[in-house]
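Since the structure comes first, as structure tokens, the remarks are kept for the end.
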Number of protein chains: 2
Amino acid sequence: MSNEQTELSLSEKQLASQEGTNLPLTSLEPLHTEGNKLRPTMQDVAEMAGVSLKTVSRVVNKEASVTQATRERVEAVIKSLGFRRNDLARNLRQGQTSSTIGLVIEDIANPFYSQLAQGVEYVARRYNHMLILSNSEENSQREREQVSALSHRRVAGLLIVPAGSDHSYLKSEMERGTPVIFVDRPPANLDVDMILLDSYGGSYTAVKHLLCQGHRRIGLICGDPSVYTGSGRVAAYRTALADWGIILEDDLLCFGCDDAEKAAAATQRLLSLPHPPTAVFTTSNRISVAVLRALRGVTRRLAFVGFDDFELADMLPTPVTVIAHDAAEMGRQAAELLFARIQGDERPTQRVIIPTRLIMRGSGEIPPEG
Amino acid sequence: MSNEQTELSLSEKQLASQEGTNLPLTSLEPLHTEGNKLRPTMQDVAEMAGVSLKTVSRVVNKEASVTQATRERVEAVIKSLGFRRNDLARNLRQGQTSSTIGLVIEDIANPFYSQLAQGVEYVARRYNHMLILSNSEENSQREREQVSALSHRRVAGLLIVPAGSDHSYLKSEMERGTPVIFVDRPPANLDVDMILLDSYGGSYTAVKHLLCQGHRRIGLICGDPSVYTGSGRVAAYRTALADWGIILEDDLLCFGCDDAEKAAAATQRLLSLPHPPTAVFTTSNRISVAVLRALRGVTRRLAFVGFDDFELADMLPTPVTVIAHDAAEMGRQAAELLFARIQGDERPTQRVIIPTRLIMRGSGEIPPEG
DNA sequence: TTGTAGGCGTTATCAT
DNA sequence: ATGATAACGCCTACAA
């Protein structure tokens with residue numbers, strides 16, 4: 001073992017491991033105990049520089065009409081005191097917004113969402129806004145809490161990947177002047193801008209591709225079909241089969257495979273069917289990975305196409321054919337639209353569809369066994 | 001092609017694609033044009049309920065000493081008006097903080113950082129704080145801008161994955177009462193808490209593991225060695241070789257492979273050496289992936305160990321041996337320490353090391369070719 | 001060019 | 001139990 005740098009183990013406090021302790025601490029009482037005039041204010045600067053508060057304000061905001069001499073004097077004091085304008089106060093006065101936008105997603109650790117977030121952040125910075133991130137954990141209750149918390153903080157706008165099935169609670173929020181954009185999933189009971197992937201088209205392409213290879217028994221492994229992204233993908237699967245005149249077999253459909261275990265179990269079930277599928281279509285990156293893992297070591301070679309691209313898909317023993325899209329671009333477009341709304345864009349509700357494309361890498365081009 | 005849902009193409013505006021346009025818009029002038037008494041205030045509620053403003057405040061904050069009757073009346077008005085307390089004003093008045101913490105990282109799309117962010121967010125929520133995320137893009141200039149913007153917004157604390165080589169500019173920030181924690185890399189010229197990975201120990205273990213398999217010519221492919229995480233890993237490599245009595249050959253070292261192209265080129269260079277290595281050690285997930293990609297199709301089988309685990313490492317044709325760690329746990333611990341500081345923890349500067357572990361999957365157990 | 005007065009929406013303090 | 005008043009730190013409007 002390395003001998004150096006072993007100085008210490010994990011931290012002494014293990015608060016993080018108190019799994020059950022999800023109750024938010026009622027409040028952070030002793031937060032600002034010692035209040036010894038850290039944080040000088042404009043008033044402090046003004047007094048020290050021998051000018052009025054307003055003059056300091058002018059200097060700080062780079063307004064014209066300040067003598068060079070005065071400006072320099074004030075700037076010197078600002079520097080020596082380490083003054084920083086308090087944007088809380090500033091925003092309270094002029095805008096009503098905190099110059100931040102909120103992004104509510106399910107899980108930042110999922111590459112799909114982290115790419116989305118990257119796109120959003122990129123645009124937000126161009127508009128001099130910062131990004132508040134919050135995880136809904138696919139829980140509609142938590143989603144509402146997060147939205148509420150963001151609203152309290154007066155975000156300039158909200159980007160939401162919705163979890164629940166009723167979003168009418170957002171209506172009052174929006175009427176109150178907070179622009180809201182839905183991302184990746186449409187709203188229920190609400191008229192609002194949305195940026196969606198072409199789930200239907202992409203999935204149709206995927207299934208059609210398998211059909212073109214000669215497959216007639218195609219398994220479907222998906223998450224919650226009542227979620228929009230799920231339902232669109234399932235609908236495309238059904239339609240594609242119907243268009244080919246194939247009668248759907250319920251045995252080939254696996255729903256609710258939202259975690260790896262369920263996806264693996266579904267895969268096993270399909271494989272052990274008396275008349276198993278020769279191909280599989282999965283509806284999201286997480287499911288794809290879980291299924292591929294379950295498929296490893298299986299002798300029969302199933303064709304495979306997955307929705308969402310993922311890193312190293314091209315490096316697996318059989319490179320994986322996918323329906324790819326640009327999640328970061330979706331984030332950028334969502335943010336652009338949001339800022340347009342923030343700036344007063346009054347166009348009717350928009351509905352933008354981000355295209356998908358089939359990337360053939362091998363797994364989707366395996367012919368039916370037989 | 002699917003016929004439905006083709007309704008539209010990409011959005012009309014292509015602002016997002018103006019790659020060069022990085023100049024922040026000077027400001028968002030027309031932001032709040034129409035100012036028609038959206039957003040009722042406590043004063044509005046008070047008037048409508050026929051009580052004083054302070055009473056409304058009491059109800060909103062669930063203070064005692066309010067008659068049941070009064071409370072109900074006020075609550076009814078709050079509901080009917082859709083009143084939301086303005087936390088900007090609230091925080092201005094009582095705390096100095098916006099009940100948010102800032103996280104400055106390099107790239108949220110990198111799984112390492114997105115897991116880190118997840119850990120941070122998890123803890124932040126327990127403390128009723130929200131998370132402001134900002135990308136430094138590994139640019140120390142931008143890092144300073146981001147820190148400044150966060151400071152202006154009066155974040156309660158700052159978590160920074162530092163980019164630059166001089167962090168003394170943070171000193172005044174900290175003296176002014178904003179707790180700061182460094183994550184993944186130590187500071188330069190600054191006394192501050194830090195949470196680090198056991199880069200040295202993990203790397204030593206990796207190289208030792210290869211040595212134990214009999215390898216004597218081990219290539220090193222790393223990013224910028226002047227970055228801490230790089231330097232520690234390189235140092236461990238050198239020490240391990242020295243401990244085995246092996247004379248270091250500079251030809252086997254590749255520095256500055258921060259992007260995929262450079263990493264690929266470095267791999268090629270190693271392979272074409274007159275006396276090529278029999279094993280390779282890479283110092284980060286991005287580099288590992290790039291090198292493995294470059295190694296694909298190469299007939300000679302090189303042993304391989306990478307720092308950082310990555311998704312599907314176990315699924316590649318030769319499953320990849322890695323030095324793994326828990327990035328989310330690092331985020332949680334960093335956040336816990338930050339909140340401790342926020343709450344007034346005055347212990348001396350902490351330095352926490354997150355352990356790593358070797359996961360043997362195959363690529364690291366390939367014997368030297370001979 | 002500079003300064004004064006008032007208010008943004010909330011909470012603290014001190015009365016009543 | 002309730003209310004009046006003064007902050008919090010800044011900006012807008014209007015003088016001087």
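FYI, side chains are in, hydrogens and waters are out, and symmetry mates aren't considered; it's all heavy atoms of this structure.
Terminal axes of the helix from C/dT1-D/dA16 to C/dT16-D/dA1 (five pairs each, C1' rotation axis) are separated by 40°, to the nearest 10°.
For the pair A/Glu47 CD and D/dC10 C1', the interatomic distance rounds to 15 Å; values are reported in whole Å. Distance, B/Arg84 CZ to C/dT10 C1': 17 Å, rounded to whole Å. Rounded to a whole Å, the CE atom of B/Met42 is 19 Å from the P atom of D/dC8. At whole-Å resolution of the value, CD in A/Gln43 and P in C/dA5 are 13 Å apart. The CZ-P distance, from A/Arg90 to D/dC11, rounds to 5 Å in whole Å. The nearest whole Å value for the distance from the CG atom in B/Asn86 to the P atom in D/dC8 is 18 Å. Here C/dA5 presents its P atom at 13 Å from CG of A/Leu53, a figure rounded to the nearest Å. In this structure, the CZ atom of A/Arg39 is 13 Å from the C1' atom of D/dG9, given to the nearest Å.
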List the atom pairs, donor and acceptor, that lie under 3.5 Å between side-chain atoms in residues 48-59 of chain B and the rest of the protein, sequence neighbours left out.
residue : atom : partner : partner atom : Å
B/Ser52 : OG   : B/Lys54 : N            : 3.3
B/Ser52 : OG   : B/Thr55 : N            : 3.3
B/Ser52 : OG   : B/Thr55 : OG1          : 3.4
B/Ser57 : OG   : B/Asn61 : ND2          : 3.3

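Not one side-chain nitrogen or oxygen of B/Arg85 sits closer than 4.0 Å to the OP1 or OP2 atom of C/dT10. At the phosphate of D/dG9, neither OP1 nor OP2 sits under 4.0 Å from any side-chain N or O atom of A/Thr41.
Annotation: proximity of residues 57-78 of chain A to DNA chain D (heavy atom, distance under 4.0 Å) is found for A/Ser57, A/Asn61, numbered in ascending order. Residues from residues 146-154 of chain B that place a heavy atom under 4.0 Å from any atom of DNA chain C: there are none.
Looking at B/Asp44, its side chain does come within 3.5 Å of a backbone N or O of B/Thr41 through a donor-acceptor pair. Of the possible donor and acceptor atoms, one in the side chain of B/Glu143 sits under 3.5 Å from a partner among the backbone N and O of B/Ala163. A/His129 contributes no side-chain N or O that, together with a main-chain N or O of A/Ala156, makes up a donor-acceptor pair within less than 3.5 Å.
A salt bridge is absent between B/Glu336 and B/Arg332: the closest approach of a Lys/Arg side-chain nitrogen to an acidic carboxylate oxygen does not fall below 4.0 angstrom. Salt bridge annotation for A/Arg84-B/Glu173: present, with a cationic side-chain nitrogen under 4.0 angstrom from a carboxylate oxygen. By the 4.0 Å N-to-carboxylate-O rule, B/Arg125 lies too far from A/Glu145 to be salt-bridged with it. With salt bridges taken as basic N to acidic carboxylate O contacts below 4.0 Å, one links A/Arg185 and A/Glu138.
Residue-level contact check: B/Leu88 touches neither bases nor backbone, having no heavy atom under 4.0 Å from any strand.
Set against C/dG9, D/dC10, C/dG3, the side chain of B/Ala89 has C/dG9 as its closest nucleotide.
A perpendicular orientation is assigned to the rings of A/Phe182 and A/His167, their planes being inclined by more than 60° (bins at 30° and 60°).
One donor-acceptor pair, N or O on each side, does fall under 3.5 Å between the base of C/dT11 and the side chain of B/Arg93. Counting distance only, with no hydrogens placed and no angle test, the side-chain atoms of B/Lys54 and the base atoms of C/dA12 include a donor-acceptor pair under 3.5 Å.
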Self-check item: Working for side-chain contact (heavy atoms from CB on, under 4.5 Å), residues A/Asp87 and B/Arg154
Solution: CA-CA 7 Å; A/Asp87 279 5; B/Arg154 293 297 191 267; over 6 Å; no
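Scored by the side-chain hydrogen bond (donor to acceptor under 3.5 Å, both in side chains) test, B/Glu63 finds no partners at all (sequence neighbours excluded). By the ring pair (Phe, Tyr, Trp, His ring centres under 6.0 Å) test, A/Tyr113 is found to be paired with no residue, residues two or more places apart in sequence or in another chain being considered.
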